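These numbers come from a predicted model, not from an experiment. Sequence lines set the chain letters: A, B, ... in the order given, protein chains first and strands last, and positions in each chain run from 1. The figures that follow rest on heavy atoms only: side chains count, while hydrogens, waters and symmetry mates do not.
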There are 2 protein chains.
Amino acid sequence: MNTITRKQRELQQREKLFLDTARQVIRDNGVSALTMEVIAEITEYSKGTVYKHFTCKEDIMCALCAEGVEYLISLCSQMTEFPGSPREKSIIIALSYLLYAERYPEEFDLLVASKNANIRQKASPERLAVTDEADQKITQLIKDQIHAAIQCGDLTLTPDATVDQLCLGPWAISLGITALYEAQDMISSIEFPPLQDTLYQQLNFLLDGYQWRPLSTEFDYKKTLADAALQLAKNTDDFSISDTLGVQE
Amino acid sequence: MNTITRKQRELQQREKLFLDTARQVIRDNGVSALTMEVIAEITEYSKGTVYKHFTCKEDIMCALCAEGVEYLISLCSQMTEFPGSPREKSIIIALSYLLYAERYPEEFDLLVASKNANIRQKASPERLAVTDEADQKITQLIKDQIHAAIQCGDLTLTPDATVDQLCLGPWAISLGITALYEAQDMISSIEFPPLQDTLYQQLNFLLDGYQWRPLSTEFDYKKTLADAALQLAKNTDDFSISDTLGVQE
DNA sequence: AACATACTTTGACGGAGCGTCACAGAATGA
DNA sequence: TCATTCTGTGACGCTCCGTCAAAGTATGTT
């Protein structure tokens, strides 16, 4: 009877092994180095066995994305535990995104690529449901802040703007800026300041445009960021985080 | 003597033929259908000849991107000839971007993908220089509006914001929103209003955050958009443009 | 223990597509 | 007419994908 659960457990473990291996390959040698054969070789299973878990290469990529978003969520929830206004927390969420993109650029590329139809239509529906669930959780985090801001009077919805729309803005600007920065070497027409500065600044402009109080002119969000980074650094024992976010005590 | 120029002309014509063919393949059957063999077959040349023009598949993709941006620039310059304030023109530029993305989603995917390192590092340096030049032109269009706005007092730079940074914002938000909309079927957590509404709205919020006058509360940019769309429709004899931009008389 | 049955794993295989290069063929010039 | 140079070709080798028949292993039955 409990052999079934043992089998299932083993299967789960193996899936984790495959995914961990895939992630490591990407971190070491980039997305282009990720092949089914390589995963099979490293894990000492055969290709056929890998295909028992993942319908195709895109399926693995989407699975990695979902895990990436889950990691992002764990960063966010650690950082938003820190007390602060909804706007402070929103900024912290966006900068968690950046933290992820800076540390694992190859995986972030995957995240951008997986928003593309050609990848998604190959992945299995089951896998896509999982990635959707992860996306749902992270948008919920942002939506929560928007709702909280409305509740406490920091933010007032204009008739033609919904919570969903306000949520799209920060998401899009984080995605867009980070994607552009990936290509900065190839765009000579613009002088790129450090990524974190641009994202911090543009996000503040956008939220100021929403009239989301306290405005960036009324409150120093740099301090929020520094505190949150320190908090996270303590939690994870990793003090390079403060560097990445460009905050110094 | 002039046989050299004839040869060159023929070569240029053939390159155009290859690119037009590639674009058509993508429009008809998507990026995944684009193979070197297919281009050779359709044009009735051999694969080797195609490789005389393009170092690899990514090279063709980057060439198509550059042409796409050139098309975008032609849209923009048509629309910005229309009289208006710098902010009006900036909004028109962003919505040209949308116009392109809506009409040729597959080609827009390419544009997003080509911002990714894995594509760029395969393409030839010569080709990348051309795409960079195109990017340069379009950022210049935005920068021109920012400079004009500063000149006439509509916009004041804060000490920590440069023209380049202000230029990144609208670019990133246009890119980010359009990319997210490509994936909207797979993101169930957000109710997506029509793309043009979201972009129009978020861009206004962002520019309001810049304190770029006239603010969206002081001026009806919907009218600008409708006028510009009508202008472009007349220029191109294509009245579906007004529909795409969601403006009605 | 011996056998039957069901499940798991394997890697050889066919296929798609990339990029190359030796050679065939055309153009140019002497 | 022949030599030389330039151009185009497509067969070939390679990599990687995804499949599937067959080998191997576990479980259950007598």
**Student:** Starting from P on C:dA27, measure out to CG on B:L11 and report it in whole angstrom.
**Tutor:**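 These atoms are roughly 15 Å apart.
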**Student:** Would you say A:R14 places a side-chain N or O within less than 4.0 Å of OP1 or OP2 belonging to C:dT8?
**Tutor:**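 False: A:R14 side-chain N/O out of range (4.0 Å or more) of C:dT8 OP1/OP2.
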**Student:** Nearest-Å distance, CG (B:D59) to P (C:dT20)?
**Tutor:**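 One finds 12 Å between P of C:dT20 and CG of B:D59, rounded.
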**Student:** Kindly point out which of D:dG18, D:dA26, C:dG19 is positioned nearest to the side chain of A:K7?
**Tutor:**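 The answer is D:dA26, which lies nearest to the side chain.
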**Student:** Could you tell me whether B:K47 and B:E37 have a side-chain N and a carboxylate O separated by less than 4.0 Å?
**Tutor:**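 A salt bridge is present here (some side-chain N lies under 4.0 Å from a carboxylate O).
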**Student:** Could you check which of C:dG11, D:dG10, D:dC17 has an atom nearest any side-chain atom of A:S46?
**Tutor:**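 Shortest atom-to-atom distance from the side chain points to C:dG11.
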**Student:** If you look at every strand shown and take non-hydrogen atoms under 4.0 Å, does B:T49 touch a base, only sugar-phosphate, or nothing?
**Tutor:**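 Counting heavy atoms under 4.0 Å across all strands, the contact made by B:T49 includes a base.
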**Student:** Has the side chain of A:K47 got a donor or acceptor that lies under 3.5 Å from a partner of the other kind on the base of D:dG18?
**Tutor:**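 Donor-acceptor pair under 3.5 Å: yes.
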**Student:** To the nearest Å, how far apart are A:E44 CD and C:dT10 C1'?
**Tutor:**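 Atom-to-atom, A:E44 to C:dT10, this comes out as 14 Å.
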**Student:** Less than 3.5 Å apart, any donor N or O on the side chain of B:D144 or B:Q140 sitting next to an acceptor on the other?
**Tutor:**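 There is such a pair between these side chains.
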**Student:** Taking atom P of C:dT10 as reference, at what distance in whole Å does atom NE2 of A:H53 sit?
**Tutor:**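 A:H53 atom NE2 is separated from C:dT10 atom P by 10 Å.
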**Student:** Which part of the nucleic acid does B:K57 contact within heavy-atom distance under 4.0 Å: base, sugar-phosphate only, or nothing?
**Tutor:**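 Sugar-phosphate contact only - B:K57 comes under 4.0 Å of backbone atoms but never of a base.
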**Student:** To the nearest angstrom, how far is B:Y51 atom OH from D:dA11 atom P?
**Tutor:**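 In whole Å, D:dA11 P and B:Y51 OH are 16 Å from each other.
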**Student:** Starting at CG of B:L34 and ending at C1' of C:dA16, how long is that distance when rounded to a whole Å?
**Tutor:**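 Taking atom C1' of C:dA16 as the reference, CG of B:L34 is at 14 Å.
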**Student:** Regarding A:S189 and B:D135, is there a side-chain donor-to-acceptor distance under 3.5 Å anywhere?
**Tutor:**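 There is no such pair (donor and acceptor under 3.5 Å, judged by atom type) between the side chains of A:S189 and B:D135.
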**Student:** With respect to the side chain of A:Y45, which nucleotide from C:dT10, D:dC16, C:dG19 is positioned closest?
**Tutor:**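 When the side chain of A:Y45 is considered, C:dT10 is the closest of C:dT10, D:dC16, C:dG19.
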**Student:** Check the distance between D:dT25's C1' and A:K52's NZ and give it to me in whole angstrom.
**Tutor:**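 To the nearest whole Å, that distance equals 14 Å.
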**Student:** From the options B:Y200, B:Y71, B:F108, select the one residue that forms a ring-ring contact (aromatic ring centres under 6.0 Å, His included) with B:Y97.
**Tutor:**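 One option only clears the test, and that one is B:F108.
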**Student:** Output yes when A:R120 and B:D185 qualify as a salt bridge under the 4.0 Å nitrogen-oxygen rule, no when they do not.
**Tutor:**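 The answer is no: the pair does not qualify as a salt bridge.
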**Student:** Whole Å only: how far is the CE atom of B:M36 from the P atom of C:dG17?
**Tutor:**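 In whole Å, C:dG17 P and B:M36 CE are 13 Å from each other.
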